[in-house]
Number of protein chains: 2
Amino acid sequence: MNSAITISTTEENYLKTIYQISEKAGKTATTNAIAGGLSTSAASVTDMLKRLSEKGLLHYEKYKGVSLTQTGQKLATALIRKHRLWEVFLVEKLRFSWDEVHEIAEQLEHIKSPELIERLDDHLGFPKFDPHGDPIPDAEGNFAFRQQVLLSTLEKGEAGIIVGVQEHSTTFLQYLDRMNLQLGVQLKVLEHFDYDESLSILLNEKKELVLSHKVCQNLFITKSETT
Amino acid sequence: MNSAITISTTEENYLKTIYQISEKAGKTATTNAIAGGLSTSAASVTDMLKRLSEKGLLHYEKYKGVSLTQTGQKLATALIRKHRLWEVFLVEKLRFSWDEVHEIAEQLEHIKSPELIERLDDHLGFPKFDPHGDPIPDAEGNFAFRQQVLLSTLEKGEAGIIVGVQEHSTTFLQYLDRMNLQLGVQLKVLEHFDYDESLSILLNEKKELVLSHKVCQNLFITKSETT
DNA sequence: AAAAATTTTTAGACTAGTCTAAAAACCGCT
DNA sequence: AGCGGTTTTTAGACTAGTCTAAAAATTTTT
Ligand SMILES: [Mn+2]
Ligand SMILES: [Mn+2]
Ligand SMILES: [Mn+2]
Ligand SMILES: [Mn+2]
């Protein structure tokens with residue numbers, strides 16, 4: 001039945017990058033964008049696109065950009081699933097902090113064993129979100145949906161809970177730690193400063209603090225009922 | 001300081017195989033033996049030996065076989081450490097059975113992160129032996145020693161505890177499971193049959209059973225005081 | 001000690017993945 | 001419709017790792 005295609009780690013990384021680009025940039029991924037995402041040359045990308053197209057993992061037409069096939073998408077989401085489950089493992093079980101796990105998960109996501117990942121999922125209690133608040137797709141590639149907005153869109157007086165980050169850089173994550181802005185923290189907007197679009201917020205109904213616009217644009221919030 | 005040599009997964013596998021061959025076969029590993037251990041051609045091995053020698057990981061002289069340098073040995077034992085710790089993880093935490101873990105550990109052992117492996121060790125409670133009874137070297141490459149003999153060397157009346165297996169094949173491990181011959185099981189030799197060198201043993205002071213010579217030559221036992 | 005058998009090395013070729021430089025195609029603008 | 005700039009593809013070369021076939025060295029047998 002299954003024509004048992006083997007897929008290399010390199011190919012997997014291309015698929016994942018293409019998936020992530022297509023996801024946010026609407027539909028097709030361009031050669032240059034892929035090259036950027038993988039820190040490789042455009043020439044290498046063109047080469048690989050031909051090979052992946054040959055294997056039926058994406059639709060490729062010269063100069064037209066690419067989009068993943070059903071099969072290609074399945075492989076990409078499986079990779080994201082593995083990446084995020086390993087991140088949960090590293091944080092929950094091995095006590096790594098959220099800014100240390102991405103690089104290790106980049107390696108672990110390529111371990112090949114369907115049984116392993118299902119058992120890991122079980123071991124972790126079937127988490128739906130990773131340590132950065134990103135949704136973990138199920139084995140079929142379906143992501144959980146969650147109502148969320150950027151903190152920068154909240155009005156004065158509105159309240160909510162931090163549920164995720166948009167940017168994943170180490171410096172941002174460490175900054176958040178320093179400010180006690182972990183996932184699950186409850187906050188309320190006290191004041192909006194038009195001058196630089198910074199916000200004054202109240203953390204856990206205790207600490208008051210001012211956040212720059214840049215920070216507010218990178219924090220996902222689920223609004224709570226304001227009584 | 002550290003000239004930051006990078007080492008590929010392929011190179012790691014060569015080092016591990018050479019270490020394991022040198023260990024049991026006395027001193028130097030031959031080209032053919034390495035080729036056999038890695039299921040590759042002798043020509044490929046010669047090629048790689050030159051490269052690893054160039055990198056200072058082993059001593060190579062044409063036609064004379066090879067032996068690992070200090071550095072090469074450190075890398076090899078680090079790999080064995082990782083392999084065995086991951087096997088413990090798979091069995092203890094993810095509930096795999098001992099005949100399913102080797103292949104997965106072959107992949108996991110190549111994950112590069114010193115921090116990861118030390119945290120894993122901690123998480124597992126610093127185990128000294130893996131699920132097959134093989135010793136887990138510490139971070140310096142030192143193996144724990146344990147008094148052990150093959151079951152086939154026990155005399156009638158002698159008793160002991162199963163502490164390891166010599167052969168690691170799936171069929172052997174599954175056979176042991178079927179016969180309830182797990183690590184830690186206590187046994188006593190009831191009778192020795194000269195005809196085919198099989199042994200009649202008493203398991204956990206309860207069940208009696210006859211084991212072939214082949215089985216007895218692949219089970220490690222730590223003798224207990226016979227009162 | 002020479003012949004035969006075995007092991008190891010060399011030579012040459014192949015694949016996956018990468019690069020740089022140059023050519024070709026595409027896009028926006030006049 | 002054509003020019004200029006940007007993007008993409010092609011061409012050609014390089015590395016790591018592999019292979020087969022043949023040559024060279026070593027070991028075993030006679
Ligand atoms: Mn990540
Ligand atoms: Mn994440
Ligand atoms: Mn193993
Ligand atoms: Mn083992």
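Atom set for the values below is all heavy atoms of this structure, side chains included, hydrogens, waters and symmetry mates excluded. Reminder, nothing fancy here: chain letters follow the sequence lines and each chain counts from 1. No experiment lies behind these values; they were computed from the predicted model shown.
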Nearest whole Å is fine: how far is [N] [atom2] from [X] [atom1]?
{"X": "A/D47", "N": "D/dT15", "atom1": "CG", "atom2": "P", "result": "18 Å"}
{"X": "A/E12", "N": "C/dG17", "atom1": "CD", "atom2": "C1'", "result": "15 Å"}
{"X": "B/L52", "N": "D/dA16", "atom1": "CG", "atom2": "P", "result": "12 Å"}
{"X": "B/N13", "N": "D/dT18", "atom1": "CG", "atom2": "P", "result": "9 Å"}
{"X": "A/L49", "N": "C/dG17", "atom1": "CG", "atom2": "P", "result": "13 Å"}
{"X": "B/L38", "N": "D/dG17", "atom1": "CG", "atom2": "C1'", "result": "12 Å"}
{"X": "B/E54", "N": "D/dT15", "atom1": "CD", "atom2": "C1'", "result": "15 Å"}
{"X": "B/Y60", "N": "C/dT9", "atom1": "OH", "atom2": "P", "result": "3 Å"}

Identify which nucleotide among [options] has an atom closest to any side-chain atom of [X], counting heavy atoms from C-beta outward.
{"X": "A/E11", "options": "C/dG17, C/dT10, C/dT18", "result": "C/dG17"}
{"X": "A/T46", "options": "C/dT8, D/dT10, D/dC19", "result": "D/dT10"}
{"X": "A/S8", "options": "C/dT8, D/dT8, C/dG17", "result": "C/dG17"}
{"X": "A/Y63", "options": "C/dT10, C/dT9, C/dA25", "result": "C/dA25"}
{"X": "B/A43", "options": "D/dT18, C/dT18, D/dT20", "result": "D/dT20"}
{"X": "B/M48", "options": "C/dA16, D/dG17, D/dT8", "result": "D/dG17"}
{"X": "A/S41", "options": "C/dT18, D/dT10, C/dC19", "result": "C/dC19"}

Answer with base, sugar-phosphate or nothing: what part of the nucleic acid does A/T31 contact at a heavy-atom distance below 4.0 Å?
-> sugar-phosphate

Any sub-3.5 Å donor-acceptor pair from A/H168's side-chain atoms to A/Q166's backbone N or O?
->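 Here the side-chain-to-backbone pair exists.
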
Please work out which of the three classes, parallel, tilted or perpendicular, describes the rings of A/F89 and B/W86, given edges at 30° and 60°.
->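 If you compare the ring of B/W86 with that of A/F89, the planes turn out tilted.
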
Do the rings of B/F172 and B/Y175 sit parallel, tilted or perpendicular, given the 30° and 60° boundaries?
-> parallel

[N] OP1/OP2 closer than 4.0 Å to side-chain N/O of [X]:
{"X": "A/Y14", "N": "C/dA16", "value": "no"}
{"X": "B/R51", "N": "D/dA16", "value": "no"}
{"X": "A/K62", "N": "D/dT10", "value": "yes"}
{"X": "A/N32", "N": "D/dT6", "value": "no"}

Of A/K64 and A/T10, the one whose closest DNA chain C nucleotide lies more 5' =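 It is A/T10 whose nearest nucleotide is closer to the 5' end.
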
Close side-chain approach of B/L176 and B/Q182, heavy atoms under 4.5 Å |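 Side-chain contact under 4.5 Å: no.
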
Using the benzene-type ring in the case of Trp, are the ring centres of A/H132 and A/H102 under 6.0 Å apart?
-> no

Among A/E118, A/E115, A/R119, find the residue that satisfies the side chain to side chain contact (heavy atoms under 4.5 Å, CB included) test when tested with B/L94.
->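 Passing option: A/R119.
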
